[in-house]
Amino acid sequence: MTDRHIRTEDLTLLEQAALLSGADVWQTRALPRVGVPAVWMSDGPHGLRKQERDADHLGLGESEPAVCFPTAATVANTWDEDLAEEIGRALGREAACKGVHMLLGPGLNIKRSPLGGRNFEYFSEDPELSGRLAAAYVRGIQSEGVAATPKHFAVNSQELRRLVSDSVVDERTLRELYLTGFEIVVREAAPWAIMSSYNLVNGTYTHENAHLLTDILRQEWGFDGVVVSDWGGSNDPVAAVAAGGTLEMPSPGFSSARLIVSAVQNGNLAAVDLHDRVDEVLTLTRRVNRHPHTAPVDASDIAHHALARRAAAEGTVLLRNENSILPIASGTRVALVGAFAVAPRYQGAGSSVVNPTRLTNLRDAIEQTTLTLSGYAPGYRLDGSADDALLQEAAHTALDADVAVVAVGIPDADETEGRDRPHLRLPQPQVEALRAVAATGTPVVVVLAGGGPVEVPWLNETTALLHCYLGGQAGAEAVWDVLTGHVNPGGRLAETMPMHVEDAPASAEFPSDRRTAEYREALYVGYRYHTSTGIAPAFPFGFGLSYTRFVYSDLHVTNTEARFTVTNVGERAGSDVAQVYVRRLSPSGVPRPDRELKGFTKVRLKSGERSTVVVPLGERTFRFFDVRTSTWQVEEGDYEILVGPHSADLPLAATLHVTGTVPAGEVDQALAAYAEGDVHRVPDAAFAALLGRELPTQGWAAPPFDRDTPIDQLRRSPSRLVRFAFRFLERAKRRADAQPYPDLSMAFIFHGPLRTLDKMTDGTFTPEFTEAMILIADGNVARGLWQAARAYLAGRRAELRTRQELASGSP
Ligand code: BGC
């Protein structure tokens, strides 16, 4: 806690403005004159990434060791809010032990396409599940006096050109699909901070989007914390302050502060808006715990490693188990195949990267079991190149075993911040290794690692398939826990696994290469699409097998709850996730997916045990966002409440008449294309009707360029010199892309906008310098160079002056 209650009025105008941008990569500005302390931030969503030196926002530099928990995609499979809260508490505790005041997570973007490069960091394709799990993390983190920062707000579903991509989405889809998760977090867990996303939404950067930040986030949901920009994601600092964006990170030097000061002095920014933002920062400095915990880090390491192991086991999804080959009996001779069994995939690349305190792998961890390792063979190369000798060795190793456990997975390079996945296939050499082992006749148990779905054309060649997602540092121990039956698999898919990537409706144009990413598929994402169109996925949303069986019966519904019985009719104790979906039966004035998840409960039952489960039906159960009145409404009419173990198996159903707040509307014929959910090729007119306006221009503006022009567009510069220089950059990018491990800074620079020059360089370059660079890019090379030199020198002087003024407290 700060010693005394510092008020905005105690600060000079410059001090106020200076508080709204970072001091460096990880800290807010302290104001020693008035006693305002700095707030220290660190990633991230599944473990602490505290950096003292080598600070960077892409996970490139070294960070202090911390427990690497399973990523959000894995924890989402548990559907377990208590477990999520426990992980949140552990994250908060580790942060507090290291003097970190604000943790940059959890991430809860909706998985619009399975190709999203950062999907491994996010929970689900469904907002109810995402929001409730994220709220649990936030409660846990903040219980330790550390601010949680749910991110990235909002509609940030692709990595390609994420700093300049404009998500074009209709208001109803925005509210019902992309914002509902955030609404749940804000209303139910009151985070002290939230991170705006890099992209624009409907033409306005999120960090300066008054509709998102003021109308919805603050006024409608009652958020009273700090909105921090994503790193380098702020654009116009004055517009941000007016719109509700509080803090710009990392440090643009003092250039944003100077712009804010002059905007207030010129009457272009209301002082009251500035005061509101400053109050938000001061409130944050008061809220966070300033006394680092002194708990011995070793003790929490042991406990947190055990928690990470439990979470990884609970998040593992059993997708196939022919002849009940699993669990594997004690004493079984197991052949282990796959390079991932020694070099595990356990997290993705980018800002969420954790430097784990320890790391287990399948080959070592089998020693902790009562199984017998008959042999190990790598089977394939991690760099994706073919190697016949490895295939033969794998087959030979499998030959005399009772069972072959084959570890395969999504390559590192395909799961990273800054790049989307190119496809959903496993590398061919991995598939060949799997087939070579299967050809021996030894039953194949596939252990799949990766933070999302893969296509499974090889499924019939396996006897069992376990999707372990990304299990964190204890993931390998967790896999054996499940394979040996020590843990009965309770994981249920938090996203659809499509048969083919083309089945995912957004995939036709994902990631969008254009200025705009058009969300034409509207609400029909994931299971909402599959259940509406009848296109069968490989494995549906909510699916997962167990070593026991559950039976659902006796559904009774009222307007406030669904009550039913779940019985464990199998031989072992286990858990299931009882899922409640709602379907509109009466005609509706708006197109609706066939069913939508509205509630769920994790049920744990001993063999033969039964339990009465009550799932509340609340405010969100029947509502839809009425774009004509900009309000939430409930259409009068009949609804079906569907209950069961997953989205495609809902054995219980009951009809409920709901009085509603509005009568059922007339279907708008212009939206007929949406009625059946057939959204693969939505015509322009239908999408425009949904948006309620004309479609925005999609292309990149030709020169003259501006601050938002991505550097990759410099190939179109009228200057031969610039085009020549660009070719070098392009070549370097190609070389970087060919590496097995992605060079994230190259991707960031190559697809980033020109403004990153002044936004990410801590005052070394100013916006005037960027303007000079734009002149050069536009072909005015000599004038641009001259201006650049002048801007550089003027910028250095201005930075020095501002620093002195701030230190002296001069008004
Ligand atoms: C990521 C954020 C992260 C920030 C700081 C950005 O590149 O998008 O999720 O919190 O860097 O590392």
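Atoms within a ligand are numbered from 1 in the order they appear, just like the ligands themselves.
Taking every non-hydrogen atom of Arg162 and a distance limit under 4.0 Å, the qualifying atoms of ligand 1 come out as 7 (O), 8 (O). For ligand 1, the atoms sitting less than 4.0 Å from at least one non-hydrogen atom of His152 are 2 (C), 8 (O), 9 (O), numbered in the order shown with element in parentheses. Ligand 1 places these atoms under 4.0 Å from at least one heavy atom of Met195: 10 (O). Of all the atoms in ligand 1, the ones that sit under 4.0 Å from a non-hydrogen atom of Ser351 are 1 (C), 2 (C), 3 (C), 9 (O), 11 (O), 12 (O). In the vicinity of Trp26, heavy-atom distances shorter than 4.0 Å reach the ligand 1 atoms 5 (C), 12 (O). Of all the atoms in ligand 1, the ones that sit under 4.0 Å from a non-hydrogen atom of Asp230 are 1 (C), 2 (C), 3 (C), 4 (C), 6 (C), 8 (O), 11 (O). Numbered from 1 in the order shown, with element, the atoms of ligand 1 that lie under 4.0 Å from a heavy atom of Leu104 read 10 (O).
A donor atom on one side chain and an acceptor atom on the other are found under 3.5 Å apart for Asp743 and Ser745. Under 3.5 Å, the side chains of His152 and Tyr122 contain a donor-acceptor pair of N or O atoms. Arg755 and Asn235 form a side-chain donor-acceptor contact under 3.5 Å, judged by distance and modelled atom types alone. Looking at Ser352 and Gln347, their side chains never bring a donor and an acceptor atom within 3.5 Å of each other. No hydrogens or angles considered: nothing links the side chains of Ser124 and Arg132 as a donor-acceptor pair under 3.5 Å. For the 3.5 Å distance criterion, the side chains of Ser251 and Asp762 qualify, holding a donor opposite an acceptor.
When non-hydrogen atoms are compared, ligand 1 lies under 4.0 Å from neither the backbone nor the side chain of Met41. Residue-level proximity to ligand 1 for Lys151 is carried by the side chain, the only part with a heavy atom below 4.0 angstrom.
Judged by distance alone, the side chain of Glu208 and the main-chain N or O of Asp236 form a donor-acceptor pair under 3.5 Å.
The residues Glu159 and Arg162 are annotated as salt-bridged, a charged nitrogen and a carboxylate oxygen being separated by less than 4.0 angstrom. Using a 4.0 Å cut-off between charged nitrogen and carboxylate oxygen, Glu730 and Lys733 do not count as a salt-bridge pair.
With respect to atom 11 (O) of ligand 1, the closest heavy atom belonging to the protein is His57 O, 3.2 Å. For atom 7 (O) of ligand 1, the nearest non-hydrogen atom of the protein is Glu417 OE2, 2.6 Å. Among protein heavy atoms, the minimum distance from atom 12 (O) of ligand 1 is reached at Asp43 OD2, 2.5 Å.
Judged by the shortest distance from any of its heavy atoms, Glu121 lies outside the 4.0 Å radius around the atoms of ligand 1. Under a 4.0 angstrom heavy-atom cut-off, Tyr198 registers as being in contact with ligand 1.
Taking any N or O of Arg49, backbone or side chain, at least one lies under 3.5 Å from an N or O belonging to ligand 1.
Taking CZ of Arg112 as the start and CD of Gln158 as the end, the distance is 7.5 Å to the nearest 0.5 Å.
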